[in-house]
Amino acid sequence: MVTLVHNYVFPLKGLPRDQISTVSEGFQFGRVSSCFFTQSRRVYVGVPPVTAIRYRIPTLMAMRDEGAKRGNRSSKQKVPHVLTVAGSDSGAGAGIQADLKACGAIGVYCSTVITAVTAQNTIGVQGVHSVPENFIDEQLRSVLSDMEVDVVKTGMLPSIGVVKVLSHRLKEFPVQALVVDPVMVSTSGDLLAGPSVLDGLREELFPMADIVTPNLKEASTLLGGVKLETVADMRSAAKSIHALGPRTVLVKGGDLPDSLDAVDIFFDGENFHELSASRIKTRNTHGTGCTLASCIAAEVAKGSSILQAVKIAKCFVESALDYSKELVIGTGPQGPFDHLFKLSSNGNSYRRQGFNPSDLFLYAVTDSRMNKKWGRSISDAVKAAIDGGATIIQLREKEAETRDFVDAAKACKEIAHSYGVPLLINDRVDVALAIDADGVHVGQSDMPAHVARRLLGPEKIIGVSCKTPEQAEQAWSDGADYIGCGGAYTTKTKENNPTVGLDGLKTVCLASKLPVVAIGGIGLGNACSVMEIGVSNLKGVAVVSALFDRECIASETRKLHSLLMDAVSRLK
Ligand SMILES: Cc1ncc(COP(=O)(O)OP(=O)(O)O)c(N)n1
Ligand SMILES: Cc1nc(C(=O)O)sc1CCOP(=O)(O)O
Ligand SMILES: [Mg+2]
């Protein structure tokens, strides 16, 4: 019997109602292996014998709240549902097992159609036993005809017959989205799908797919063996695969040699997005491809756009790898990682470890006056900017009462973290501490950066406004992570702000040991000129009015993102 702290239970399939009771405080666990929600916006998970861990899954909360908004508080709420059609991995690092764990960790129901059973471990694949095609078809029919699947994700499809069966069933039972991970070779180098499957994928599944997620080897094989050695090669591969019919393509560059970051290329037929994540040194990478595709499917099932889903999925995988980098399971060269790391990490699952300078790329700085003028809440403004592609958010609320600021900042942090985007607070170190924000931005007349560092600790992000090389040097020795340099142009947003111009910006960048974000008067008309000063530590632009003093924040952000991407790719 499970006893909950609060009186609202989000029903997950498999947790019988008669095993749940509700009381006002305290909780105990008997035989529990599932997770569920309470009014307190927490998820409770039982770990035998009687330990209870609580943690937050913001996107699930959002889902529940969405249900509540619609007045739907009955026990019949729809649970987002991913069906994975893939092979079983006896070592449980990849395949069906990875898919189940990834969806479970994200809080999405996952059903399974097993296409093959593999005998594998951390050394390699010792055997493959394909499930007969007619029995795969039977599994598909069972699930699709009954269980309201939202998204289908495919992994190992061992024969062209399986591909055909699947495409036939998907036409009979259409789903909201199809995620195709074109698994061909295992991480250990073992063949998991024959060449005829390639034709099946290209002809039958790609035209129905919303996203296809090949790694470099798979992308190369799909394109007849072309060499993929640079980011430019990845872009042209993404374009060629897109021409085969899927709505979007993610070419994963984890195996690209000589790069510090792992860069993936996302292409939607119009725009390229270069998505980088820090490369984590670990042997425990078995199943990253399956996990990434499952997380994308799970996020789409919850309502994210494909690009949002990709960003969140990358953040999940990066966090899981980082958390699991020292795990020792098995003796071979490729170990599994821990999908359920959130259970052991105090709920700070999306907290970034350290600072990633590429987050400065499109830095959105909010402004309370502009939000008031357009009648928006700060959290709606933040969500719209993130939807449009903002890579970091700074809350710059000069007029807010402290209590209101803390409340708004809390809500914004939940939104930002559910997308894997860091949230900084302007000026107010106290507010950053109160809500456990990712960091602060301080200016020359605010709290000194070294004091902020002492208060916030080594993990938080600290940015400092600098207009001169001397200030940049000071920021570095004070322990800042980046500097903001402006005004690049004149601005109406900040009174009496000296303009340093592009020359002044370049001088500060060249002198700075820290990454730089440019600020002041930057918008669609001049962002490219800023990036084109061509100094490698200039990582992006920080923008207020060109995003927030506009009718549609998301579309302005999207346009700016696309311009910046083009500018950066011209510079390469
Ligand atoms: C990214 C970034 N750069 C500079 C500033 C300006 O900070 P500051 O000089 O403290 O001025 P206010 O923003 O506090 O008015 C910034 N906020 N962000
Ligand atoms: C907050 C701020 N700091 C600046 C600096 O030069 O340090 S310029 C600025 C305002 C930037 O607003 P907008 O994008 O609307 O011009
Ligand atoms: Mg300030």
Side-chain angles (χ1 to χ4, degrees), residues 355 357-371 373-374 381 385 390-400 405 421-432 437-449 451-452 461-468 471-472 474-475 478 480-509 512 514-527 529-530 537-550 553 556-557 559-560 563-564:
F355 169 61
S358 61
D359 286 340
L360 299 175
F361 185 63
L362 205 176
Y363 187 140
V365 183
T366 68
D367 182 291
S368 43
R369 267 174 301 157
M370 292 172 197
N371 287 336
K373 171 178 160 192
W374 290 94
T391 53
I392 192 166
I393 301 288
Q394 180 191 133
L395 299 187
R396 183 173 177 271
E397 297 295 306
K398 294 288 187 185
E399 291 156 10
F405 194 7
V421 170
L423 181 98
L424 308 185
I425 305 290
N426 176 273
D427 295 350
R428 299 285 303 266
V429 178
D430 58 337
V431 174
D438 296 299
V440 292
H441 185 94
V442 289
Q444 294 296 322
S445 50
D446 299 320
M447 181 181 289
V451 180
I461 303 169
I462 297 182
V464 181
S465 308
C466 299
K467 293 184 188 294
T468 65
Q471 291 172 353
Q474 186 65 49
D478 280 353
D481 295 293
Y482 74 90
I483 63 168
C485 181
Y489 299 95
T490 55
T491 177
K492 289 188 182 142
T493 304
K494 184 171 163 62
E495 278 175 15
N496 306 320
N497 184 54
T499 302
V500 298
L502 296 188
D503 288 342
L505 172 66
K506 191 165 183 172
T507 305
V508 172
C509 285
S512 173
L514 293 171
V516 184
V517 62
I519 188 166
I522 301 173
L524 295 178
N526 56 19
S529 314
V530 174
N537 62 340
L538 177 63
K539 296 296 181 191
V541 295
V543 181
V544 186
S545 53
L547 304 183
F548 293 106
D549 201 7
R550 296 288 184 276
I553 296 169
E556 295 304 313
T557 315
K559 282 187 247 171
L560 184 57
L563 277 177
L564 289 170

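As the structure lists them, so they are numbered: ligands from 1, and atoms in each ligand from 1. For the numbers below, each heavy atom of this structure counts, side chains included, while hydrogens, waters and symmetry mates do not.
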Would you compute the distance between atom [atom1] of [X] and atom [atom2] of [Y] and round it to the nearest 0.5 angstrom?
X	Y	atom1	atom2	value
Leu505	Cys485	CG	SG	5.0 Å
Phe548	Ser368	CZ	OG	11.5 Å
Asp438	Ile462	CG	CD1	12.5 Å
Phe355	Leu424	CZ	CG	8.0 Å
Leu502	Tyr489	CG	OH	4.0 Å

If you count the atoms of ligand 2 from 1 in the order shown, which ones are under 4.0 Å from a heavy atom of [X]?
X	value
Gly487	6 (O)
Ser545	13 (P), 14 (O), 15 (O)
Lys467	5 (C), 6 (O), 7 (O)
Asn497	4 (C), 5 (C), 6 (O), 8 (S)

Within the structure provided, determine whether [X] and [Y] are in side-chain contact (heavy-atom separation under 4.5 Å).
X	Y	result
Leu362	Thr557	yes
Thr491	Ile519	no
Asp427	Met447	no
Val517	Lys539	no
Ile483	Gln471	no
Arg428	Leu395	no
Asp549	Trp374	yes
Gln444	Thr468	no

Quiz item: Hey, which N, O or S atom on Asp446 ends up closest to the Mg ion (ligand 3)?
Solution: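 Checking each N, O and S atom of Asp446, the shortest distance to the Mg ion (ligand 3) belongs to OD2.
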Quiz item: By atom name, which N, O or S atom belonging to Asp427 lies closest to the Mg ion (ligand 3)?
Solution: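 Considering only N, O and S atoms, Asp427 comes nearest to the Mg ion (ligand 3) through OD1.
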For [X], atoms of ligand 1 separated by under 4.0 Å from a heavy atom:
X	result
Asp427	10 (O), 14 (O)
Val517	1 (C)
Ile519	2 (C), 3 (N), 4 (C), 16 (C), 18 (N)
Tyr363	1 (C)
Gln394	1 (C), 2 (C), 16 (C), 17 (N), 18 (N)
Gly484	3 (N)
Gly443	8 (P), 9 (O), 10 (O)

Looking only at protein heavy atoms, which one is nearest to [atom], and how far off is it?
atom	answer
atom 3 (N) of ligand 2	Lys494 CD, 3.4 Å
atom 11 (O) of ligand 1	Lys494 NZ, 3.0 Å
atom 12 (P) of ligand 1	Lys398 NZ, 3.4 Å
atom 1 (C) of ligand 2	Arg396 NE, 3.4 Å
atom 14 (O) of ligand 2	Val544 N, 2.9 Å
atom 13 (O) of ligand 1	Arg396 NE, 2.7 Å

Quiz item: At a 4.0 Å cut-off, with the gap strictly under it, does some heavy atom of Gly521 reach an atom of ligand 2?
Solution: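 Under 4.0 Å: yes for Gly521.
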Quiz item: If you measure from each heavy atom of Lys492 to ligand 2, is any distance below 4.0 Å?
Solution: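 No, Lys492 has no heavy atom closer than 4.0 Å to ligand 2.
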Practice problem: For Glu397 and Thr366, test the side chains for any donor-to-acceptor distance below 3.5 angstrom and give the result as yes or no. | Solution: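 Glu397 vs Thr366: donor-acceptor pair found between side chains.
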Exercise. Answer yes or no: does an N/O atom from Pro498 fall short of 3.5 Å to an N/O atom of ligand 2?
Key: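 Such a contact does not occur with ligand 2.
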Quiz prompt | N or O pair under 3.5 Å between Thr493 and ligand 2 | solution =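 Yes; at least one N/O pair falls below 3.5 Å.
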Quiz item: Nearest heavy atom to atom 8 (P) of ligand 1: which of Ser465, Ser445, Gly463 does it belong to?
Solution: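 Selected option, by shortest heavy-atom distance: Ser465.
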Self-check item: Shortest reach to atom 10 (O) of ligand 1 by a heavy atom, considering only Ile392, Asn426, Asp446, Val544
Solution: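 The nearest heavy atom belongs to Asp446.
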Quiz item: Do Ala542 and ligand 1 have an N or O pair less than 3.5 Å apart?
Solution: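 It does not: no N or O of Ala542 is found under 3.5 Å from an N or O of ligand 1.
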Quiz item: Going by the angle between their ring planes, with limits at 30° and 60°, are Tyr363 and His441 parallel, tilted or perpendicular?
Solution: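 Ring orientation of Tyr363 relative to His441: perpendicular.
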